[in-house]
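The structure appears below as C-alpha coordinates.
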Amino acid sequence: SHDLLTLLIVEDRSDIISTVEFNYSGELLATGDKGGRVVIFQREQESKNRPHSRGEYNVYSTFQSHEPEFDYLKSLEIEEKINKIRWLPQQNAAHSLLSTNDKTIKLWKISERDKRAEGYNLKDEDGRLRDPFRITSLRVPVLMPMDLMVEASPRRIFANAHTYHINSISVNSDHETYLSADDLRINLWHLEITDRSFNIVDIKPANMEELTEVITAAECHPHQCNVFVYSSSKGTIRLCDMRAAALCDRQSKFFEEPEDPSSRSFFSEIISSISDVKFSHSGRYMMTRDYLSVKVWDLNMENRPVETYQVHEYLRSKLCSLYENDCIFDKFECCWNGSDSAIMTGSYNNFFRMFDRNTRRDITLEASRENSKPRAVLKPRKVSTGGKRKKDEISVDSLDFNKKILHTAWHPKENVIAVAATNNLYIFQDKIN
(Lines give C-alpha, C1' and ligand atoms only; values in the text may rest on other atoms or scores of the structure.)
Protein backbone atom coordinates (compact mmCIF):
# COMPACT_ATOMS: atom_id res chain seq x y z
CA SER A 1 0.00 0.00 0.00
CA HIS A 2 1.17 3.51 -0.65
CA ASP A 3 -0.26 5.02 2.52
CA LEU A 4 2.85 6.84 3.53
CA LEU A 5 3.29 8.76 6.67
CA THR A 6 5.47 11.72 7.48
CA LEU A 7 7.83 11.40 10.36
CA LEU A 8 10.28 14.22 10.22
CA ILE A 9 10.83 17.64 8.74
CA VAL A 10 14.16 19.41 9.05
CA GLU A 11 14.05 23.07 8.17
CA ASP A 12 16.91 25.44 7.42
CA ARG A 13 16.91 27.97 4.60
CA SER A 14 20.59 27.78 3.64
CA ASP A 15 20.95 24.00 3.81
CA ILE A 16 19.87 22.72 0.45
CA ILE A 17 20.15 18.94 0.66
CA SER A 18 22.40 17.54 -2.07
CA THR A 19 22.44 13.80 -1.26
CA VAL A 20 20.46 11.27 0.84
CA GLU A 21 21.62 7.74 1.70
CA PHE A 22 20.49 4.94 4.05
CA ASN A 23 23.16 2.67 5.50
CA TYR A 24 23.10 -1.10 4.87
CA SER A 25 20.76 -1.85 7.79
CA GLY A 26 18.55 1.21 7.28
CA GLU A 27 19.00 2.20 10.92
CA LEU A 28 21.00 5.29 9.92
CA LEU A 29 20.21 7.87 7.25
CA ALA A 30 22.82 10.40 6.09
CA THR A 31 22.19 13.65 4.25
CA GLY A 32 24.78 15.98 2.77
CA ASP A 33 24.12 19.62 1.99
CA LYS A 34 25.36 22.57 0.00
CA GLY A 35 27.22 23.92 3.03
CA GLY A 36 29.48 20.85 3.24
CA ARG A 37 27.73 19.42 6.28
CA VAL A 38 26.71 15.81 6.86
CA VAL A 39 23.73 15.13 9.13
CA ILE A 40 23.12 11.54 10.27
CA PHE A 41 19.72 10.47 11.58
CA GLN A 42 19.22 7.35 13.69
CA ARG A 43 16.05 5.32 13.87
CA GLU A 44 14.37 5.20 17.27
CA GLN A 45 13.96 1.81 18.89
CA GLU A 46 10.37 0.94 19.73
CA SER A 47 9.53 1.37 23.41
CA LYS A 48 6.68 -0.17 25.39
CA ASN A 49 5.13 3.15 26.37
CA ARG A 50 5.40 4.54 22.81
CA PRO A 51 4.56 1.59 20.54
CA HIS A 52 4.37 3.72 17.39
CA SER A 53 7.67 5.50 17.91
CA ARG A 54 9.46 2.78 15.94
CA GLY A 55 10.49 4.30 12.66
CA GLU A 56 11.05 7.86 13.78
CA TYR A 57 14.47 9.17 12.82
CA ASN A 58 16.20 11.69 15.04
CA VAL A 59 19.47 13.56 14.62
CA TYR A 60 22.37 11.33 15.67
CA SER A 61 25.41 13.30 14.53
CA THR A 62 26.18 16.46 12.56
CA PHE A 63 29.63 17.36 11.30
CA GLN A 64 31.36 19.59 8.78
CA SER A 65 32.67 17.23 6.12
CA HIS A 66 34.11 19.69 3.57
CA GLU A 67 35.18 23.34 3.64
CA PRO A 68 35.32 25.74 0.70
CA GLU A 69 38.77 25.71 -0.94
CA PHE A 70 40.59 27.63 -3.61
CA ASP A 71 42.65 26.14 -6.44
CA TYR A 72 45.41 28.71 -6.85
CA LEU A 73 46.82 27.15 -10.00
CA LYS A 74 43.53 27.41 -11.86
CA SER A 75 42.10 30.36 -9.91
CA LEU A 76 38.97 28.35 -9.18
CA GLU A 77 36.86 28.17 -6.08
CA ILE A 78 36.08 24.61 -5.00
CA GLU A 79 32.71 24.65 -3.29
CA GLU A 80 32.04 22.61 -0.18
CA LYS A 81 28.76 21.06 -1.41
CA ILE A 82 28.51 17.31 -0.72
CA ASN A 83 27.87 15.60 -4.07
CA LYS A 84 27.52 12.02 -2.80
CA ILE A 85 27.59 9.95 0.38
CA ARG A 86 28.15 6.19 0.38
CA TRP A 87 28.11 4.02 3.51
CA LEU A 88 30.56 1.19 4.03
CA PRO A 89 29.36 -2.13 5.50
CA GLN A 90 29.72 -2.08 9.28
CA GLN A 91 32.80 -3.99 10.48
CA ASN A 92 32.71 -3.13 14.21
CA ALA A 93 30.87 -0.88 16.64
CA ALA A 94 31.71 2.21 14.58
CA HIS A 95 30.11 3.24 11.28
CA SER A 96 32.02 4.46 8.22
CA LEU A 97 30.99 6.51 5.22
CA LEU A 98 32.57 8.16 2.19
CA SER A 99 31.59 11.73 1.34
CA THR A 100 32.77 13.77 -1.62
CA ASN A 101 32.59 17.29 -2.95
CA ASP A 102 33.75 18.23 -6.47
CA LYS A 103 37.39 17.29 -5.86
CA THR A 104 38.09 15.49 -2.58
CA ILE A 105 36.70 12.25 -1.13
CA LYS A 106 36.85 11.65 2.63
CA LEU A 107 36.39 8.49 4.67
CA TRP A 108 34.66 9.29 7.96
CA LYS A 109 34.40 7.11 11.04
CA ILE A 110 31.37 7.72 13.28
CA SER A 111 31.81 6.23 16.74
CA GLU A 112 30.13 6.44 20.15
CA ARG A 113 31.77 7.21 23.49
CA ASP A 114 29.86 6.73 26.73
CA LYS A 115 32.78 6.15 29.11
CA ARG A 116 35.83 8.14 30.09
CA ALA A 117 39.02 7.23 31.90
CA GLU A 118 39.60 8.74 35.35
CA GLY A 119 42.40 8.40 37.89
CA TYR A 120 45.52 9.16 35.86
CA ASN A 121 48.91 9.09 37.54
CA LEU A 122 50.61 11.97 35.74
CA LYS A 123 47.75 14.47 35.65
CA ASP A 124 44.99 15.75 37.90
CA GLU A 125 41.27 15.38 37.19
CA ASP A 126 41.24 18.87 35.63
CA GLY A 127 44.02 17.91 33.21
CA ARG A 128 46.98 19.69 34.82
CA LEU A 129 50.26 17.76 34.92
CA ARG A 130 51.38 16.61 38.36
CA ASP A 131 54.90 16.97 39.68
CA PRO A 132 56.48 13.51 39.12
CA PHE A 133 58.46 13.77 42.40
CA ARG A 134 55.24 14.15 44.40
CA ILE A 135 53.73 10.93 43.04
CA THR A 136 54.07 8.37 45.82
CA SER A 137 51.62 5.67 44.77
CA LEU A 138 50.50 4.07 41.56
CA ARG A 139 46.86 4.49 40.59
CA VAL A 140 45.00 2.22 38.17
CA PRO A 141 42.77 4.39 35.93
CA VAL A 142 39.12 3.37 35.84
CA LEU A 143 36.42 3.85 33.18
CA MET A 144 33.53 5.99 34.38
CA PRO A 145 30.17 6.38 32.58
CA MET A 146 29.48 9.69 30.85
CA ASP A 147 26.84 11.18 28.56
CA LEU A 148 26.82 9.58 25.13
CA MET A 149 29.04 11.40 22.63
CA VAL A 150 28.96 10.65 18.92
CA GLU A 151 32.25 11.57 17.27
CA ALA A 152 32.98 11.86 13.56
CA SER A 153 36.64 11.69 12.61
CA PRO A 154 38.21 11.75 9.14
CA ARG A 155 40.19 8.52 8.70
CA ARG A 156 41.37 9.00 5.10
CA ILE A 157 41.43 11.86 2.60
CA PHE A 158 41.56 10.92 -1.09
CA ALA A 159 42.58 14.06 -2.96
CA ASN A 160 44.22 15.36 -6.15
CA ALA A 161 42.97 12.60 -8.44
CA HIS A 162 40.23 14.42 -10.38
CA THR A 163 40.71 17.25 -12.84
CA TYR A 164 36.97 17.58 -13.38
CA HIS A 165 34.05 17.56 -10.96
CA ILE A 166 33.30 14.27 -9.19
CA ASN A 167 29.72 13.15 -9.87
CA SER A 168 29.73 9.61 -8.42
CA ILE A 169 31.35 7.41 -5.83
CA SER A 170 30.49 3.73 -5.46
CA VAL A 171 31.77 1.14 -2.97
CA ASN A 172 32.71 -2.17 -4.55
CA SER A 173 31.27 -5.50 -3.40
CA ASP A 174 34.74 -6.59 -2.20
CA HIS A 175 34.40 -3.79 0.42
CA GLU A 176 38.07 -2.98 -0.12
CA THR A 177 37.90 -0.77 -3.19
CA TYR A 178 35.64 1.95 -4.53
CA LEU A 179 35.38 3.98 -7.71
CA SER A 180 35.01 7.70 -8.23
CA ALA A 181 33.88 9.28 -11.50
CA ASP A 182 34.14 12.77 -12.91
CA ASP A 183 33.05 14.15 -16.29
CA LEU A 184 35.78 12.35 -18.26
CA ARG A 185 37.49 9.79 -16.05
CA ILE A 186 36.78 7.01 -13.57
CA ASN A 187 39.32 6.06 -10.89
CA LEU A 188 39.56 2.93 -8.74
CA TRP A 189 40.78 3.38 -5.17
CA HIS A 190 41.76 1.10 -2.33
CA LEU A 191 40.14 2.25 0.92
CA GLU A 192 43.47 2.01 2.76
CA ILE A 193 45.57 3.88 0.17
CA THR A 194 45.12 7.61 -0.30
CA ASP A 195 48.13 8.66 -2.39
CA ARG A 196 47.31 6.77 -5.57
CA SER A 197 44.39 5.45 -7.56
CA PHE A 198 44.10 3.55 -10.84
CA ASN A 199 42.51 5.26 -13.79
CA ILE A 200 40.11 2.67 -15.26
CA VAL A 201 38.14 4.82 -17.75
CA ASP A 202 39.37 7.86 -19.65
CA ILE A 203 37.16 9.30 -22.39
CA LYS A 204 39.06 12.58 -22.72
CA PRO A 205 39.85 13.21 -26.41
CA ALA A 206 43.34 14.41 -27.42
CA ASN A 207 41.69 17.55 -28.73
CA MET A 208 39.01 18.88 -26.39
CA GLU A 209 37.16 20.43 -29.33
CA GLU A 210 36.24 16.89 -30.36
CA LEU A 211 34.51 16.24 -27.03
CA THR A 212 30.99 14.93 -27.72
CA GLU A 213 29.92 13.34 -24.43
CA VAL A 214 30.68 13.27 -20.71
CA ILE A 215 30.30 10.67 -17.96
CA THR A 216 27.22 11.45 -15.86
CA ALA A 217 27.13 8.59 -13.31
CA ALA A 218 28.93 5.35 -12.43
CA GLU A 219 28.25 2.42 -10.14
CA CYS A 220 29.84 -0.88 -9.10
CA HIS A 221 27.90 -4.13 -9.53
CA PRO A 222 26.39 -5.25 -6.17
CA HIS A 223 27.86 -8.80 -6.35
CA GLN A 224 30.59 -8.97 -9.01
CA CYS A 225 33.53 -6.83 -7.93
CA ASN A 226 35.02 -6.75 -11.44
CA VAL A 227 31.94 -5.24 -13.12
CA PHE A 228 30.82 -1.60 -13.15
CA VAL A 229 28.68 0.62 -15.38
CA TYR A 230 28.81 4.25 -16.37
CA SER A 231 26.26 6.41 -18.14
CA SER A 232 26.80 9.26 -20.54
CA SER A 233 25.22 12.54 -21.58
CA LYS A 234 24.32 10.88 -24.89
CA GLY A 235 21.89 8.50 -23.19
CA THR A 236 24.09 5.43 -23.44
CA ILE A 237 25.32 3.06 -20.72
CA ARG A 238 28.56 1.10 -20.86
CA LEU A 239 29.16 -1.99 -18.76
CA CYS A 240 32.84 -2.76 -18.21
CA ASP A 241 34.74 -5.75 -16.86
CA MET A 242 38.00 -4.96 -15.09
CA ARG A 243 39.27 -8.48 -15.80
CA ALA A 244 39.38 -7.69 -19.52
CA ALA A 245 41.91 -4.84 -19.39
CA ALA A 246 43.49 -2.43 -16.93
CA LEU A 247 42.05 0.55 -18.83
CA CYS A 248 38.41 -0.18 -19.61
CA ASP A 249 38.25 1.98 -22.73
CA ARG A 250 36.37 -0.75 -24.62
CA GLN A 251 33.14 -1.70 -22.89
CA SER A 252 31.92 -5.29 -22.56
CA LYS A 253 28.32 -4.24 -23.13
CA PHE A 254 26.78 -1.13 -24.65
CA PHE A 255 23.18 -0.26 -23.77
CA GLU A 256 21.33 2.17 -26.01
CA GLU A 257 17.73 2.57 -27.08
CA PRO A 258 17.37 3.59 -30.73
CA GLU A 259 15.72 6.98 -31.07
CA ASP A 260 12.30 7.31 -32.61
CA PRO A 261 12.89 9.63 -35.60
CA SER A 262 9.31 10.94 -35.41
CA SER A 263 9.81 12.40 -31.92
CA ARG A 264 13.15 14.05 -32.68
CA SER A 265 13.41 17.70 -31.65
CA PHE A 266 15.93 20.39 -30.76
CA PHE A 267 15.87 19.10 -27.16
CA SER A 268 16.24 15.36 -27.91
CA GLU A 269 19.92 15.22 -27.05
CA ILE A 270 19.56 17.19 -23.82
CA ILE A 271 16.64 15.18 -22.46
CA SER A 272 18.25 11.84 -23.35
CA SER A 273 21.22 12.57 -21.07
CA ILE A 274 21.22 10.07 -18.18
CA SER A 275 21.33 11.68 -14.76
CA ASP A 276 21.52 8.50 -12.64
CA VAL A 277 22.20 4.78 -12.98
CA LYS A 278 21.50 2.19 -10.26
CA PHE A 279 21.91 -1.59 -10.23
CA SER A 280 19.04 -3.57 -8.73
CA HIS A 281 19.88 -5.32 -5.44
CA SER A 282 19.71 -8.65 -7.30
CA GLY A 283 22.33 -7.48 -9.81
CA ARG A 284 20.17 -8.66 -12.73
CA TYR A 285 18.82 -5.23 -13.77
CA MET A 286 19.87 -1.63 -13.82
CA MET A 287 17.76 1.50 -13.84
CA THR A 288 18.56 4.75 -15.61
CA ARG A 289 16.89 8.13 -15.24
CA ASP A 290 16.78 10.66 -18.05
CA TYR A 291 14.87 13.95 -18.02
CA LEU A 292 11.40 12.58 -18.76
CA SER A 293 11.57 8.86 -17.95
CA VAL A 294 12.99 5.97 -15.95
CA LYS A 295 14.16 2.87 -17.82
CA VAL A 296 14.88 -0.59 -16.45
CA TRP A 297 17.44 -2.63 -18.40
CA ASP A 298 18.13 -6.36 -18.22
CA LEU A 299 21.92 -6.76 -18.20
CA ASN A 300 21.49 -9.56 -20.73
CA MET A 301 19.72 -7.35 -23.29
CA GLU A 302 21.53 -4.33 -24.66
CA ASN A 303 19.35 -3.09 -27.52
CA ARG A 304 16.42 -1.74 -25.51
CA PRO A 305 15.11 -1.43 -21.93
CA VAL A 306 12.66 -4.04 -20.64
CA GLU A 307 10.56 -1.40 -18.88
CA THR A 308 10.03 2.33 -19.47
CA TYR A 309 8.14 4.56 -17.04
CA GLN A 310 7.10 8.12 -17.91
CA VAL A 311 7.84 10.39 -14.96
CA HIS A 312 6.31 13.65 -16.20
CA GLU A 313 5.40 13.26 -19.88
CA TYR A 314 3.21 16.39 -19.58
CA LEU A 315 6.42 18.46 -19.59
CA ARG A 316 7.27 17.47 -23.17
CA SER A 317 5.29 20.45 -24.46
CA LYS A 318 7.05 22.74 -21.96
CA LEU A 319 10.67 21.93 -22.92
CA CYS A 320 11.22 25.34 -24.46
CA SER A 321 10.56 27.24 -21.23
CA LEU A 322 12.38 24.55 -19.20
CA TYR A 323 15.40 25.14 -21.43
CA GLU A 324 15.19 28.90 -20.90
CA ASN A 325 15.06 28.61 -17.10
CA ASP A 326 17.81 25.88 -17.12
CA CYS A 327 15.54 23.29 -15.45
CA ILE A 328 16.07 20.98 -18.42
CA PHE A 329 19.58 20.38 -17.04
CA ASP A 330 18.33 19.23 -13.60
CA LYS A 331 19.77 15.90 -12.51
CA PHE A 332 17.11 13.67 -10.97
CA GLU A 333 18.18 10.52 -9.12
CA CYS A 334 16.27 7.23 -8.88
CA CYS A 335 16.21 4.34 -6.41
CA TRP A 336 14.96 0.76 -5.96
CA ASN A 337 13.04 -0.62 -3.02
CA GLY A 338 14.66 -3.46 -1.06
CA SER A 339 13.06 -6.25 -3.11
CA ASP A 340 13.50 -4.52 -6.52
CA SER A 341 9.71 -4.64 -7.03
CA ALA A 342 9.22 -0.87 -6.99
CA ILE A 343 11.18 2.21 -8.05
CA MET A 344 11.04 5.84 -7.05
CA THR A 345 12.21 9.11 -8.56
CA GLY A 346 11.49 12.81 -8.15
CA SER A 347 9.77 15.50 -10.20
CA TYR A 348 8.80 19.19 -9.88
CA ASN A 349 6.33 20.91 -7.55
CA ASN A 350 7.75 18.69 -4.75
CA PHE A 351 6.14 15.68 -6.45
CA PHE A 352 7.77 12.28 -6.44
CA ARG A 353 6.76 9.22 -8.43
CA MET A 354 6.61 5.56 -7.49
CA PHE A 355 6.19 2.71 -9.95
CA ASP A 356 5.18 -0.84 -9.03
CA ARG A 357 6.99 -3.15 -11.48
CA ASN A 358 4.62 -6.08 -10.95
CA THR A 359 1.24 -4.38 -11.31
CA ARG A 360 2.54 -1.54 -13.53
CA ARG A 361 0.60 0.86 -11.33
CA ASP A 362 2.13 4.22 -10.54
CA ILE A 363 1.42 7.01 -8.10
CA THR A 364 2.36 10.66 -7.69
CA LEU A 365 2.82 11.94 -4.14
CA GLU A 366 3.74 15.36 -2.81
CA ALA A 367 6.25 16.19 -0.10
CA SER A 368 5.23 19.57 1.26
CA ARG A 369 4.71 21.25 4.60
CA GLU A 370 1.03 21.88 3.91
CA ASN A 371 -0.07 18.27 3.47
CA SER A 372 2.53 16.52 5.61
CA LYS A 373 1.50 16.82 9.21
CA PRO A 374 3.10 13.94 11.14
CA ARG A 375 1.08 10.73 10.73
CA ALA A 376 -1.09 12.22 7.98
CA VAL A 377 -1.77 9.92 5.04
CA LEU A 378 -0.52 11.24 1.70
CA LYS A 379 -3.10 11.77 -1.01
CA PRO A 380 -2.21 10.88 -4.60
CA ARG A 381 -1.80 13.91 -6.87
CA LYS A 382 -2.73 14.28 -10.54
CA VAL A 383 -1.61 16.79 -13.15
CA SER A 384 -4.06 17.93 -15.83
CA THR A 385 -2.67 18.65 -19.27
CA GLY A 386 -5.23 21.03 -20.69
CA GLY A 387 -8.93 20.77 -21.31
CA LYS A 388 -11.19 20.63 -18.28
CA ARG A 389 -9.40 20.32 -14.97
CA LYS A 390 -10.94 18.02 -12.37
CA LYS A 391 -11.35 19.18 -8.77
CA ASP A 392 -8.26 17.56 -7.27
CA GLU A 393 -5.98 18.02 -10.27
CA ILE A 394 -3.25 20.60 -10.61
CA SER A 395 -2.66 22.34 -13.92
CA VAL A 396 0.69 21.94 -15.70
CA ASP A 397 0.97 25.72 -15.88
CA SER A 398 0.77 26.13 -12.12
CA LEU A 399 3.58 23.67 -11.27
CA ASP A 400 6.42 25.26 -9.29
CA PHE A 401 9.72 24.41 -11.03
CA ASN A 402 11.78 25.80 -8.16
CA LYS A 403 10.43 23.05 -5.90
CA LYS A 404 12.13 19.93 -7.18
CA ILE A 405 12.86 16.54 -5.67
CA LEU A 406 16.24 15.46 -7.02
CA HIS A 407 17.35 13.14 -4.19
CA THR A 408 15.43 10.19 -2.75
CA ALA A 409 16.39 7.03 -0.86
CA TRP A 410 14.57 3.81 0.01
CA HIS A 411 15.20 1.80 3.19
CA PRO A 412 17.00 -1.45 2.19
CA LYS A 413 14.52 -3.74 3.98
CA GLU A 414 11.30 -1.85 4.71
CA ASN A 415 8.86 0.54 3.08
CA VAL A 416 10.45 3.63 4.55
CA ILE A 417 11.55 6.35 2.14
CA ALA A 418 13.50 9.57 2.50
CA VAL A 419 12.74 12.46 0.18
CA ALA A 420 14.79 15.66 0.00
CA ALA A 421 12.69 18.63 -1.08
CA THR A 422 15.20 21.48 -1.44
CA ASN A 423 16.10 22.06 2.23
CA ASN A 424 13.48 19.88 3.93
CA LEU A 425 13.93 16.19 4.58
CA TYR A 426 10.73 14.13 4.64
CA ILE A 427 10.61 10.56 5.85
CA PHE A 428 7.52 8.55 4.97
CA GLN A 429 6.63 5.01 5.90
CA ASP A 430 3.84 2.55 5.17
CA LYS A 431 0.74 3.30 7.17
CA ILE A 432 0.57 1.34 10.42
CA ASN A 433 -3.01 0.17 10.91
Side-chain angles (χ1 to χ4, degrees), residues 167-168 170 172-173 179 181-186 188 199-205 210-265 267-311 313 331-337 339-345 355 357-358 360:
N167 56 45
S168 305
S170 178
N172 210 339
S173 61
L179 60 79
D182 67 23
D183 298 331
L184 297 178
R185 298 190 181 102
I186 301 176
L188 182 71
N199 178 232
I200 51 175
V201 172
D202 188 345
I203 64 166
K204 184 176 184 231
E210 294 166 10
L211 182 68
T212 58
E213 65 180 332
V214 294
I215 297 167
T216 55
E219 192 176 53
C220 296
H221 190 280
H223 310 304
Q224 297 166 348
C225 62
N226 49 288
V227 173
F228 67 95
V229 291
Y230 67 94
S231 58
S232 93
S233 55
K234 276 192 164 173
T236 62
I237 310 103
R238 290 172 173 85
L239 182 138
C240 302
D241 189 334
M242 287 185 266
R243 295 173 302 186
L247 185 69
C248 301
D249 48 3
R250 280 201 297 276
Q251 71 276 353
S252 304
K253 294 191 175 190
F254 183 74
F255 299 84
E256 181 178 29
E257 184 171 30
E259 191 189 17
D260 177 6
S262 64
S263 65
R264 176 141 189 88
S265 75
F267 304 109
S268 294
E269 214 161 280
I270 302 172
I271 63 171
S272 68
S273 176
I274 291 171
S275 52
D276 196 16
V277 58
K278 292 267 173 49
F279 279 109
S280 63
H281 296 85
S282 67
R284 168 76 187 268
Y285 301 98
M286 67 179 172
M287 162 169 56
T288 59
R289 170 74 209 254
D290 57 42
Y291 190 63
L292 294 177
S293 67
V294 173
K295 292 171 182 167
V296 175
W297 303 77
D298 187 321
L299 295 191
N300 302 321
M301 191 166 96
E302 298 166 56
N303 58 344
R304 60 188 168 85
V306 288
E307 298 158 31
T308 301
Y309 301 97
Q310 301 304 331
V311 178
E313 186 61 22
K331 292 177 170 43
F332 291 95
E333 294 171 9
C334 51
C335 62
W336 300 85
N337 72 342
S339 62
D340 299 333
S341 62
I343 55 186
M344 171 170 62
T345 191
F355 303 95
R357 297 180 59 211
N358 299 325
R360 292 304 174 102

Taking the six-membered ring for Trp, are Y230 and F228 parallel (under 30°), tilted (30 to 60°) or perpendicular (over 60°)?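 Aromatic pair Y230/F228 classed parallel.
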
Tell me whether the rings of W336 and Y285 are parallel (<30°), tilted (30 to 60°) or perpendicular (>60°).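 Correct class here is tilted.
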
Chi angles and distances behind the side chain to side chain contact (heavy atoms under 4.5 Å, CB included) call for T236, E213: CA-CA 10 Å; T236 62; E213 65 180 332; 4.0 Å; yes

Are side-chain heavy atoms of [X] and [Y] found at a separation under 4.5 Å?
| X | Y | answer |
| --- | --- | --- |
| L211 | L184 | yes |
| L188 | M242 | yes |
| Q224 | F279 | no |
| M344 | C335 | yes |
| L239 | V227 | yes |
| M286 | L299 | yes |

Reported [atom1]-to-[atom2] distance for the pair [X] and [Y], which is rounded to 0.5 angstrom:
| X | Y | atom1 | atom2 | value |
| --- | --- | --- | --- | --- |
| R289 | E333 | CZ | CD | 10.5 Å |
| S282 | H223 | OG | NE2 | 6.0 Å |
| N172 | L179 | CG | CG | 7.0 Å |
| S280 | K278 | OG | NZ | 12.5 Å |
| C220 | N226 | SG | CG | 10.5 Å |
| T288 | F255 | OG1 | CZ | 10.5 Å |

Please report the closest heavy-atom contact between [X] and [Y], naming both atoms and the distance.
| X | Y | result |
| --- | --- | --- |
| V277 | A218 | CG1-N, 4.2 Å |
| S272 | D290 | O-CB, 4.0 Å |
| G283 | P222 | CA-CG, 3.7 Å |
| N358 | S341 | ND2-CB, 3.8 Å |
| S275 | A217 | O-CB, 4.3 Å |
| N199 | L247 | O-CD1, 3.5 Å |

Not counting sequence neighbours, which residues clear salt bridge (Lys or Arg N to Asp or Glu O under 4.0 Å) with [X]? List them please.
| X | result |
| --- | --- |
| E256 | none |
| R243 | D241 |
| E219 | none |

Taking it one step at a time, do Q251 and I237 satisfy side chain to side chain contact (heavy atoms under 4.5 Å, CB included)? CA-CA 9 Å; Q251 71 276 353; I237 310 103; over 6 Å; no

N/O donor-acceptor pair under 3.5 Å between S268 side chain and S265 backbone: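 Yes; at least one donor-acceptor contact below 3.5 Å.
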
The test is side chain to side chain contact (heavy atoms under 4.5 Å, CB included); show your working for F267 and Y291 and say whether it passes. CA-CA 11 Å; F267 304 109; Y291 190 63; over 6 Å; no

Test side chain to side chain contact (heavy atoms under 4.5 Å, CB included) on F355 and M287 and set out the steps. CA-CA 12 Å; F355 303 95; M287 162 169 56; over 6 Å; no

What I want to check is whether the side chains of T216 and S231 have a donor and an acceptor closer together than 3.5 Å.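 The answer is yes; a qualifying pair exists.
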
Flag yes if more than 12 heavy atoms outside [X] fall under 6.0 Å of its [atom1] atom; otherwise flag no.
| X | atom1 | value |
| --- | --- | --- |
| R360 | CZ | yes |
| E269 | CD | no |
| K253 | NZ | yes |

Name the one of D183, I274, D182, V201 that satisfies side chain to side chain contact (heavy atoms under 4.5 Å, CB included) with I215?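 Per the side chain to side chain contact (heavy atoms under 4.5 Å, CB included) rule, the option paired with I215 is V201, out of D183, I274, D182, V201.
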
